[in-house]
Participant: 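Questions regarding the structure given below will be posed in turn.
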There are 2 protein chains.
Amino acid sequence: MVISSTRSLPDLCDVKTVDDRKILATRRTMRSPEAVMLLAETFKSLGDPNRLRIVWALSREELCVCDLAAALGMSQSAVSHSLRALRQLRLVRYRKENKIAYYKLDDAHIAHLVADGFEHVEELL
Amino acid sequence: MVISSTRSLPDLCDVKTVDDRKILATRRTMRSPEAVMLLAETFKSLGDPNRLRIVWALSREELCVCDLAAALGMSQSAVSHSLRALRQLRLVRYRKENKIAYYKLDDAHIAHLVADGFEHVEELL
DNA sequence: CCACTATATGAACACCTGTTCATGTGAGCG
DNA sequence: CGCTCACATGAACAGGTGTTCATATAGTGG
């Protein structure tokens, strides 16, 4: 059901017929700009095939940079750059044992997110 | 525990000490390249703040292009371009009623994914 | 038909991303 | 020490991304 606009809302759209109730209800359920930005950055990080593979690998067990590079066929530098991005978003963390940095997921939520994602896409293939 | 490599694996990394067991176990749990690519593209789509807001809005109720534009303060063109990207990944679908295109999420998985994501990031803020 | 409305789309452009290459750091070891 | 190893990082470059602007399409009502 489309309701002709009462023009009670400012013209943010070049379209003439809007449903004010839907627009206000939609705005009310929106998350804060900070939450949107942070989640978008999180998804963007997972939106690179190599970073996604890294996260998926780390969701199984703790791995060092060189194990990741060898397992995924990536250069050490590329892995390290990717891990920094994931670290800055607090998706992964690491502990250092001598020279070796062992990385793992910072939060179990991330593992669930990626697992759910794979479940979803594997239905589409 | 780090095991010196037996060099049974090809040198995919410039590092000399690897754990062959971990590397092989990691490779075994990797998803197919197609699944990885598709999921990465899905996450990348959700990795734009505006597309994320669109998906979040559509997870509540069906909306037309112009309602989305008005509610989110975006241009009609930007909304339409964003929706096309989401459509191509089968994240949203639409039905046409006369001139108006009503969009909604194609799959309930996506709503769960985004909701879980917000739950995660709102713990970090 | 013509005007208007809702949406889609192509082009263009500034901006951002991910890799490689080269080099830096810092810990262990002979 | 000096060397090697594990990892980090800066620069730079090709390729990709999201927006705007202009225009197209298609349905609707006079």
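Numbers restart at 1 for each chain; the letters A, B, ... are given by sequence-line order, proteins then strands. Since the model is a prediction, treat every value here as computed from it, not as a measurement. The basis for the numbers below is simple: all heavy atoms, side chains too, and nothing from hydrogens, waters or symmetry mates.
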Participant: I want to check something: taking the side chain as every heavy atom from C-beta on, are B:Arg51 and B:Leu86 in contact at a cut-off of under 4.5 Å?
Facilitator: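 Result yes, sub-4.5 Å side-chain heavy-atom pair found.
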
Participant: Are the side chains of A:Phe43 and B:Leu52 in touch, meaning some heavy atoms are under 4.5 Å apart?
Facilitator: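 Yes, at least one pair of side-chain atoms sits under 4.5 Å.
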
Participant: Separation of B:Leu86 atom CG from D:dG18 atom P, in whole Å?
Facilitator: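 Going from B:Leu86 (CG) to D:dG18 (P), I get 10 Å.
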
Participant: In this structure, how many angstroms lie between the C1' atom of C:dT19 and the CE atom of A:Met74, rounded?
Facilitator: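 Distance check: A:Met74 CE to C:dT19 C1' gives 9 Å.
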
Participant: Between A:Leu83 (CG) and D:dA8 (C1'), how many Å, whole number?
Facilitator: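 Interatomic distance, CG of A:Leu83 to C1' of D:dA8: 11 Å.
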
Participant: When you check the side-chain N and O atoms of A:Arg87 and A:Tyr103, is any donor under 3.5 Å from an acceptor?
Facilitator: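 A donor-acceptor contact under 3.5 Å links the two side chains.
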
Participant: Between atom CE in A:Met37 and atom P in D:dG18, what is the gap in whole Å?
Facilitator: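 Spelled out: CE on A:Met37 to P on D:dG18 is 13 Å.
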
Participant: Base, sugar-phosphate or nothing for A:Tyr94? Non-hydrogen atoms, less than 4.0 Å.
Facilitator: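 Contact class for A:Tyr94: none.
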
Participant: Can you check whether any acceptor in the base of C:dA8 is under 3.5 Å from a donor in the side chain of B:Gln76, or vice versa?
Facilitator: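 Indeed, a donor on one side and an acceptor on the other fall under 3.5 Å apart.
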
Participant: Between the base of C:dT9 and the ring of B:His81 - centre-to-centre under 5.5 Å, planes within under 30° - is that a stack?
Facilitator: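 Stacked: centres under 5.5 Å apart, planes under 30°.
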
Participant: Find the distance B:Glu41:CD to D:dG18:C1' and express it as a whole number of Å.
Facilitator: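 Going from B:Glu41 (CD) to D:dG18 (C1'), I get 16 Å.
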
Participant: Can you identify which nucleotide, out of D:dT9, C:dT20, C:dT9, has its nearest atom closest to the B:Arg87 side chain?
Facilitator: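 Nearest to the side chain of B:Arg87 among the choices is C:dT9.
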
Participant: Any side-chain N or O of A:Arg84 below 4.0 angstrom from OP1/OP2 of C:dG18?
Facilitator: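 No, A:Arg84 has no side-chain N/O under 4.0 Å of OP1/OP2 on C:dG18.
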
Participant: More 5' along DNA chain C: A:Ser77 or A:Asp48, using each one's nearest nucleotide?
Facilitator: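 Nearer the 5' end of the strand: A:Asp48.
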
Participant: Has B:Asn50 got a side-chain N or O lying under 4.0 Å from the OP1 or OP2 atom of D:dT19?
Facilitator: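 So the side chain of B:Asn50 is within the cut-off, an N or O lying under 4.0 Å from OP1 or OP2 of D:dT19.
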
Participant: If I take atom CG from residue A:Leu113 and atom CG from residue B:Leu113, how far apart are they, to the nearest 0.5 angstrom?
Facilitator: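 CG of B:Leu113 is found 5.0 Å from CG of A:Leu113.
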
Participant: Which whole-number value in Å describes the distance from B:Glu97 CD to C:dT7 P?
Facilitator: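 Nearest whole value for this atom pair: 11 Å.
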
Participant: Among C:dT20, D:dA8, C:dT7, find the nucleotide with the atom closest to the side chain of B:Ile100.
Facilitator: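 Looking only at heavy atoms from C-beta outward on B:Ile100, the closest nucleotide is C:dT7.
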
Participant: For C:dA27, does OP1 or OP2 lie under 4.0 Å from any side-chain N or O of A:Asn98?
Facilitator: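 False: A:Asn98 side-chain N/O out of range (4.0 Å or more) of C:dA27 OP1/OP2.
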
Participant: Taking only side-chain N and O atoms of B:Tyr102, does any of them lie within less than 4.0 angstrom of OP1 or OP2 on C:dT7?
Facilitator: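 Checking C:dT7 against B:Tyr102, no side-chain N or O comes under 4.0 Å of OP1 or OP2.
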
Participant: Got a salt bridge between A:Arg31 and B:Glu122, using NZ or NE/NH1/NH2 to carboxylate O under 4.0 Å?
Facilitator: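 A salt bridge is present here (some side-chain N lies under 4.0 Å from a carboxylate O).
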
Participant: Rounding to an integer number of Å, can you tell me how far A:Phe43 CZ sits from D:dG18 P?
Facilitator: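 Rounded to whole Å, this separation is 15 Å.
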
Participant: Starting the side chain at C-beta, find the nucleotide from D:dT9, D:dT28, C:dT20 nearest to A:Ser75.
Facilitator: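 So the nucleotide nearest the side chain must be C:dT20.
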
Participant: Roughly how many Å is it from CG in B:Leu46 to C1' in D:dG18, rounded to a whole number?
Facilitator: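 Result: 16 Å.
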
Participant: Give one of base, sugar-phosphate or nothing for B:Lys96, where a contact means two heavy atoms less than 4.0 Å apart.
Facilitator: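 Answer is nothing: B:Lys96 stays at 4.0 Å or more from every strand.
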
Participant: Is any side-chain N of the basic residue among B:Glu61 and B:Lys104 closer than 4.0 Å to the acidic one's carboxylate O?
Facilitator: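 Answer for the salt bridge query: no.
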
Participant: Where the side chain of B:Lys99 is concerned, which of C:dA22, C:dA6, C:dT9 is the nearest nucleotide?
Facilitator: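 Nearest nucleotide to the side chain: C:dA6.
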
Participant: So which nucleotide from D:dA6, D:dG18, C:dA8 ends up closest to the side chain of B:Arg51?
Facilitator: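 Between D:dA6, D:dG18, C:dA8, the one nearest the side chain of B:Arg51 would be D:dG18.
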
